[in-house]
Every structure is written in structure tokens, then in C-alpha cells.
Amino acid sequence: MPPSGRRGPGGPMGKFLTEEEKSSQPKVTPALLKRIFSYLMPYKLQLALVLGCIVVSSFFTLLPSILTGKILDEGLLKGDLNALVRYILLSLLVTFLANLIGLAESYINTWMAQHITFDMRNQMYRHLQEMSQRFFTDNNQGDIITRMTSDIDGVQSVISNTFSSILSNVVTLVIAMIAMFQKNWILALIGIVIVPLFSIPTRRAGKTRWSLTNESQECNDEINGILNETLSVSGQLLVKLFGKEEQEYSRYESANRRMIGLNIRERMAGRWFFVVLSTFTSIGPMLIYFVGGLLMIRYHASLTVGDITVLVALLGKMYMPVNSLLNIQVDWIRSMALFTRIFDYFDVPVEIQNAPDAIIPSQVEGTIEFSHVGFSYEPSRKILKDVSFTLHAGKSIAIVGPSGSGKSTIINLIPRLYDVEEGSVMFDGIDVRKLDLAFLREQIGIVSQETYLFNGSIRENLLYAKPDASEEEMISALKKANIYDFVEKQEAGLDTLVGNRGLKLSGGEKQRISIARILLKNPSIFIFDEATSALDSISEQKIQEAIDPIIRTHTSILIAHRLSTILAADEILVVQDGRIVERGSHKELVKAGGVYTQLYETQFSKALVEPENEGLSELEQYIWGQQPADEPG
Ligand code: ATP
């Protein structure tokens with residue numbers, strides 16, 4: 001919740017802390033304040049101007065009240081028309097200037113607040129970009145977006161409302177008090193005592209209203225719930241069939257009755273508030289008139305009528321600032337909580353960092369070596385255990401295994417989406433942690449299970465991989481990915497929009513576009529995480545035809561669920577429970593009669609005997625025609 005209440009200025013909700021806010025109040029330390037201040041430092045000049053404007057405009061706002069004394073004493077009572085006109089004009093001028101300076105202050109303040117949030121937002125985005133995959137899987141996406149949007153927007157309101165209101169209220173009070181004490185210390189003291197007396201009941205009335213509003217909100221939710229449940233088609237059917245009309249009616253009636261009671265109390269709490277308000281606002285001036293009069297008439301104090309009028313006017317100017325300052329604690333706690341939440345995000349350490357002396361090799365072969373790799377997402381549960389294998393340049397490896405065995409985890413370690421805990425992953429003989437991160441990721445192209453396309457055209461999605469790709473290059477990639485026929489048929493061709501997350505395309509089409517995207521990227525190593533979800537056989541065949549030549553000609557790793565893909569690889573690794581339990585060719589593994597044979601019997605071969613596999617690729621038909629033991633080497 002941002003400070004000063006999102007429900008609008010002065011709204012009853014904004015003025016009090018919720019139970020949750022009370023229990024999780026942030027610790028305000030000098031370090032926190034210093035850190036907040038560091039965001040203001042680049043705008044020192046603007047800050048100084050804002051401070052200056054606040055002081056001057058607060059003074060100018062009070063000046064007409066002080067001048068009232070002069071108008072009375074020197075103009076009216078002495079009958080000096082010149083003085084009267086002079087002070088009236090001066091009052092008008094000062095009021096105009098106060099407003100003008102207020103305008104300048106609000107412009108500079110808004111400008112400064114906007115720039116500070118601009119800096120913060122950029123810094124946060126940069127920081128979030130550096131976060132590891134772990135951060136994004138551990139944190140709720142909604143929370144991340146809230147941090148980026150409403151929380152940072154809240155900062156703007158803290159700077160332009162909370163901070164400046166604290167300051168202008170304090171300045172107004174100080175100036176008013178100095179002016180009052182100059183006139184008469186006894187009356188000034190009365191003023192200081194009377195103002196908080198007025199503010200406290202105001203606050204109490206506000207709190208009552210606030211809790212009534214909360215209660216009636218809950219009651220309203222309950223009524224809506226009953227209506228939604230019982231006045232829907234299926235709800236009514238249930239009510240009728242079980243003969244619950246009377247029961248539902250009395251449930252509704254009692255909630256409705258509670259609601260009107262609350263509404264009446266809420267309205268009356270408002271009235272009570274106004275009674276208190278008007279009584280206290282008139283007690284103050286009357287007391288000053290009375291005591292002032294007493295001092296003047298009985299004790300012949302050196303007081304004028306003008307002085308007493310000034311004191312009454314200044315008293316009137318003190319109510320608002322005192323009231324705001326009494327409420328400021330709520331805004332202050334919320335503001336500090338807001339900054340603490342934002343800083344907590346800034347303080348999440350960057351897990352995957354570029355090594356200080358990161359290496360960019362001049363030549364790339366594209367060999368991957370896992371050496372005794374151990375890894376876990378959470379400390380208590382080891383996911384990968386002693387995984388070792390080598391993928392030589394130009395070769396391909398298929399990783400197979402039951403769901404959840406750790407196949408995707410293995411490939412996540414190659415582009416350093418996560419770092420290993422034990423052992424090492426090497427690229428061309430260099431530990432990936434020592435390589436330049438941008439270089440490493442440039443070498444690797446992943447087509448993941450969940451294809452992600454940005455909301456835009458096919459062209460824009462392709463250019464994301466290679467911004468300077470020519471039309472010919474794009475068409476060639478689309479052809480290789482077996483999707484050009486589809487693109488060509490679209491009215492807008494390459495400019496066809498893919499919709500949000502590519503939802504306007506079928507799963508198979510999306511996959512093939514993402515294959516084209518990877519082809520444009522042209523990495524040294526291709527990684528395919530084959531989707532487990534079933535695509536229709538035509539789609540599968542098209543994807544197969546796109547992937548197959550890539551596997552045969554490029555260094556590649558496949559997480560495979562289909563026999564056809566598995567057979568295209570040079571070596572098969574069987575992963576079970578985070579370990580490589582078998583490795584070899586299809587023929588060898590089937591002969592061994594272990595985990596692979598079981599997987600083969602339960603998963604891979606089943607996919608091939610399904611009757612709808614009419615549109616089998618040539619490769620699949622070929623395999624289908626073979627006995628497992630006779631598969632091509
Ligand atoms: P599938 O074939 O179903 O895709 P997989 O073999 O690729 O499975 P992984 O995705 O590597 O399996 O997951 C291995 C284990 O790690 C699973 O038990 C999974 O629950 C767990 N896991 C995966 N990602 C995370 C994560 N971000 N945080 C915690 N645990 C995770």
C-alpha cells in the first residue's frame with residue numbers, strides 16, 4: 001500500500017494503519033534514511049529550490065493574517081486611509097506571490113519526484129535483468145510487477161506529498177508560533193494548548209468512521225457473495241432442487257439488515273465529527289478574544305484590537321498543519337515500509353555474475369563437458385548427482401529419462417541459468433563460470449518446451465535473434481524450420497501478428513518459428529527441449545523434419561521424448577533420479593535391458609503404434625518398419 005492512501009486524498013482508509021501494517025512496521029535506521037537521501041542527492045539544486053519555495057510561500061501565506069492587525073490598528077482605528085489601502089494592496093500582492101511560489105514549488109517538486117522514480121525504475125529493471133532464473137521461479141510474477149510499478153509510483157507520492165507536506169506544515173507552524181509569541185506570550189500559549197485539543201477528537205472520529213467503513217465493506221462483500229451464489233443459473237437450480245428458498249432469503253435478509261445498521265452508524269459518525277469540529281474551531285477564537293480582552297481591559301496589557309485579531313487568524317491557520325502532522329505518522333510508516341520493500345529487492349544479490357577477468361575465447365569449437373556435476377534448487381533436495389559426460393563438437397546427445405529426473409536441469413546449467421554446486425561444466429575446456437556471460441549465451445541456442453514468442457509480428461520475433469537479418473536470411477531460416485509455407489500463406493506474410501505470447505499460432509507453428517529464430521541466431525550449440533505435450537502427428541512430423549538436419553550437422557543436445565529424435569542423436573544418456581544411469585546407442589541400450597528398455601517399452605514405442613500416426617515422417621516410417629534391434633547405427 002503506497003503512502004497517503006491509494007483511495008484518494010483524505011479518504012478514510014488513508015489515515016490509519018491496518019493491523020498488518022502495524023505488525024510489520026519497518027525499522028527506521030540512519031542507514032535507511034541515508035539510502036533514501038542518496039536518491040535525492042543528484043537533485044540537490046532542485047531540492048534546495050523546493051525547500052526555499054516552501055519556506056517563502058508558507059511565510060507569504062501567513063503574512064495576510066499578520067497584516068490584518070495593521071489594517072485594523074493603523075488603517076481602520078486610526079482612520080488612516082493611505083495606510084488602509086497600502087496594507088490591503090500588500091495583502092493581496094503577498095497572497096498572489098504565495099500562490100505563484102506555490103506553483104513553482106509544485107512544478108519543481110513534481111519534476112524532481114518524476115526524475116527520482118525514473119532513476120529508481122531504471123535501476124530496478126537493470127537489477128531484475130541481472131537476477132537469475134531462481135529469482136524468477138521463486139518470486140511471484142505479480143509481486144515483481146507490483147514492485148516495479150505501484151511501489152515505485154508510491155515513492156513519487158512520498159516525495160511530492162509526504163516529504164513536502166511535513167516540511168511545509170512544520171514551517172507554517174514555526175512561523176505562526178513565532179508571530180504569536182511576538183504579539184503576546186500568554187495568548188500564544190493558549191493557542192498551542194487548544195490546537196491539539198481540537199485535533200485529537202477529529203482523529204478519533206475519523207478512526208471510528210474508518211473501522212465502520214471497513215466493516216460495511218466486508219458486509220457488502222458478503223451480500224455480493226450471496227447474490228453471486230444464489231442468483232446464478234446453476235445456483236438457482238441448486239436452491240430450487242433442494243427447496244432452500246426460505247433459508248437463502250433469511251441469509252440475505254440478515255446480511256442486508258446488518259448493512260443498513262452499519263450505513264446509519266457510519267453517516268452519524270460523520271455528523272458527530274462535524275459537531276466536534278465546529279465546536280472546537282469556535283472555542284479557540286472565543287478563548288483568545290476572552291483572555292485577550294481580559295488582558296486589555298483589566299490589566300491594560302500592551303495589546304491592540306489588531307493584535308488579538310492577528311492571534312485569532314493565526315490560530316485558524318494552525319489547525320490544518322497540526323492535524324496533518326498528527327496523521328503524518330501513518331504516511332511516514334507507510335513511506336518507510338515502501339522504501340524498505342524496494343531496497344529489499346535491490347539487495348537481492350546477483351547470483352550469476354560475470355567473472356571479473358571473464359574470458360572471451362578467440363576460437364570456438366563447441367565442446368561441452370560435464371564433470372562430476374552436483375546441483376540442487378533447494379538446499380534440502382539434490383537434483384543432479386555426479387553427472388559427467390562430454391559432447392564433442394559436431395556430435396549430438398539425446399537425454400532421456402522419466403519426468404522430473406533432471407533433464408531440463410542439466411541443460412539449464414550450460415548457459416548458466418544456474419551455477420553448479422559441485423564439479424564443473426566446461427565449454428571448450430573452460431569452466432563456464434570463467435567465460436564471459438554474453439559470449440557464452442551467444443554460443444547457445446535453446447528451443448525450450450514452452451515456446452515464448454513476443455507479442456508482435458513474426459518478423460519482429462525473428463529479428464530479436466538477429467537484428468540485422470536480411471529478408472532472404474529470414475526466409476531461408478523459416479524454410480529450414482519448415483514453417484515458410486505457413487508464413488507465405490498468411491495475408492501479412494512476415495508481418496503476421498503472433499498475438500500475446502504467440503497465442504494466435506498453434507503449438508506446432510510456434511515451435512517451428514522458434515526453431516527459425518534459433519537458426520538465425522546461429523549458435524555453436526543447439527539445445528532442444530522436446531515438448532512432452534502431444535502435438536498432432538502432422539505437426540510433429542514437420543518439427544521433426546526441421547530439427548533432424550540440424551541435429552545431424554550441428555553440435556546439439558536434445559531432451560527427447562520421441563524415438564525418432566532419439567535415434568537421430570549420436571549418443572543417448574539415460575537420466576534417472578538425477579544420475580546418468582545408462583549411456584550408449586539405442587541398440588546397445590535396448591540390448592542391456594535396463595531403464596532405457598523400460599522407457600522404450602512404455603513411452604517411445606507407444607508413440608509410434610498410435611493409429612493416428614498416418615502422417616509419419618520418412619524417418620519415422622523407416623524406424624517404424626524396423627525392429628528395435630535393427631535400428632540404424
Ligand atoms: P520433464 O521431463 O517432466 O520436463 P525433467 O527431467 O526435465 O522433467 P527437471 O525439470 O530437470 O526434470 O526437474 C528435476 C526436478 O527438479 C523436479 O523434481 C522438479 O520438481 C525440480 N525442479 C525443477 N525446477 C525447479 C525449481 N526452479 N525450483 C525447485 N525445484 C525445481
Side-chain angles (χ1 to χ4, degrees), residues 128 130-144 348-352 368 370 372-389 391 396-423 425 432 444-452 507 510-511 514 525-535 540 543-544 547 556-566 569 571-583 589 594-607:
L128 287 175
E130 287 175 351
M131 289 289 99
S132 68
Q133 257 341 73
R134 193 190 302 276
F135 175 85
F136 292 99
T137 45
D138 288 355
N139 285 281
N140 183 337
Q141 193 189 352
D143 286 348
I144 301 176
V348 176
V350 179
E351 195 184 339
I352 309 283
I368 294 286
F370 273 61
H372 306 288
V373 167
F375 176 79
S376 52
Y377 291 103
E378 287 142 14
S380 56
R381 191 168 152 234
K382 201 110 193 138
I383 301 291
L384 294 184
K385 298 152 202 163
D386 197 22
V387 171
S388 297
F389 68 89
L391 166 65
S396 56
I397 281 182
I399 305 178
V400 300
S403 179
S405 54
K407 304 182 292 293
S408 304
T409 308
I410 293 179
I411 60 168
N412 283 345
L413 300 178
I414 303 174
R416 286 190 74 197
L417 295 182
Y418 297 88
D419 272 342
V420 296
E421 277 170 12
E422 293 157 13
V425 175
V432 287
I444 294 156
I446 300 186
V447 178
S448 59
Q449 275 192 19
E450 294 212 2
T451 319
Y452 194 96
K510 267 197 300 188
Q511 285 244 327
S514 76
I525 294 163
F526 284 78
I527 297 177
F528 296 97
D529 193 347
E530 200 170 62
T532 33
S533 57
L535 290 170
E540 266 189 20
I543 291 173
Q544 194 57 51
I547 294 181
S556 40
I557 301 185
L558 322 113
I559 294 184
H561 298 285
R562 285 182 278 273
L563 187 61
S564 46
T565 347
I566 299 169
E571 191 185 9
I572 302 166
L573 304 180
V574 184
V575 181
Q576 190 180 35
D577 194 20
R579 283 181 199 282
I580 298 180
V581 287
E582 290 169 20
R583 63 181 85 201
L589 292 173
V595 180
Y596 183 79
T597 316
Q598 277 172 21
L599 283 168
Y600 172 71
E601 280 165 2
T602 54
Q603 286 185 18
F604 314 144
S605 59
K606 219 159 91 190

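First listed ligand is number 1; within each ligand, the first listed atom is number 1. Count residues from 1 along the sequence. Computation of the quantities below employed the complete heavy-atom set of this structure, encompassing side-chain atoms and omitting hydrogens, waters and symmetry-equivalent molecules.
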What residues, two or more places apart in sequence or in another chain, satisfy side chain to side chain contact (heavy atoms under 4.5 Å, CB included) together with E582?
-> V574, L589, V595, Y596
Sort and list the pairs that fulfil salt bridge (Lys or Arg N to Asp or Glu O under 4.0 Å) and have at least one residue in residues 403-412, not counting sequence neighbours.
-> none
Compute the shortest N/O to N/O distance between E378 and ligand 1 and return yes if it is under 3.5 Å, no if not.
-> no
Side-chain (R579) to main-chain (D386) donor-acceptor, under 3.5 angstrom | no
Derivation and outcome, side-chain contact (heavy atoms from CB on, under 4.5 Å), residues I410 and L573 | CA-CA 11 Å; I410 293 179; L573 304 180; over 6 Å; no
Option whose closest heavy atom lies nearest to atom 3 (O) of ligand 1, chosen from S403, G401, G406 = S403
Side chain, backbone, both or neither: the part of T137 lying under 4.0 Å from ligand 1 by heavy atom = side chain
Geometric class of the F389/F370 ring pair [parallel <30°, tilted 30-60°, perpendicular >60°] | parallel
Measuring from the heavy atoms of S405, does anything fall under 4.0 Å of ligand 1?
-> yes
When you look at R381 and S376, which way does the side-chain contact (heavy atoms from CB on, under 4.5 Å) test go after all the steps?
-> CA-CA 6 Å; R381 191 168 152 234; S376 52; 5.6 Å; no
Of the listed options Y377, F375, F136, closest to atom 29 (C) of ligand 1 (non-hydrogen atoms) | Y377
What do you reckon, does Q133 put a non-hydrogen atom under 4.0 Å from ligand 1?
-> no
Numbered atoms of ligand 1 (with element) below 4.0 Å of T409, judged on heavy atoms | 9 (P), 11 (O), 13 (O), 14 (C)
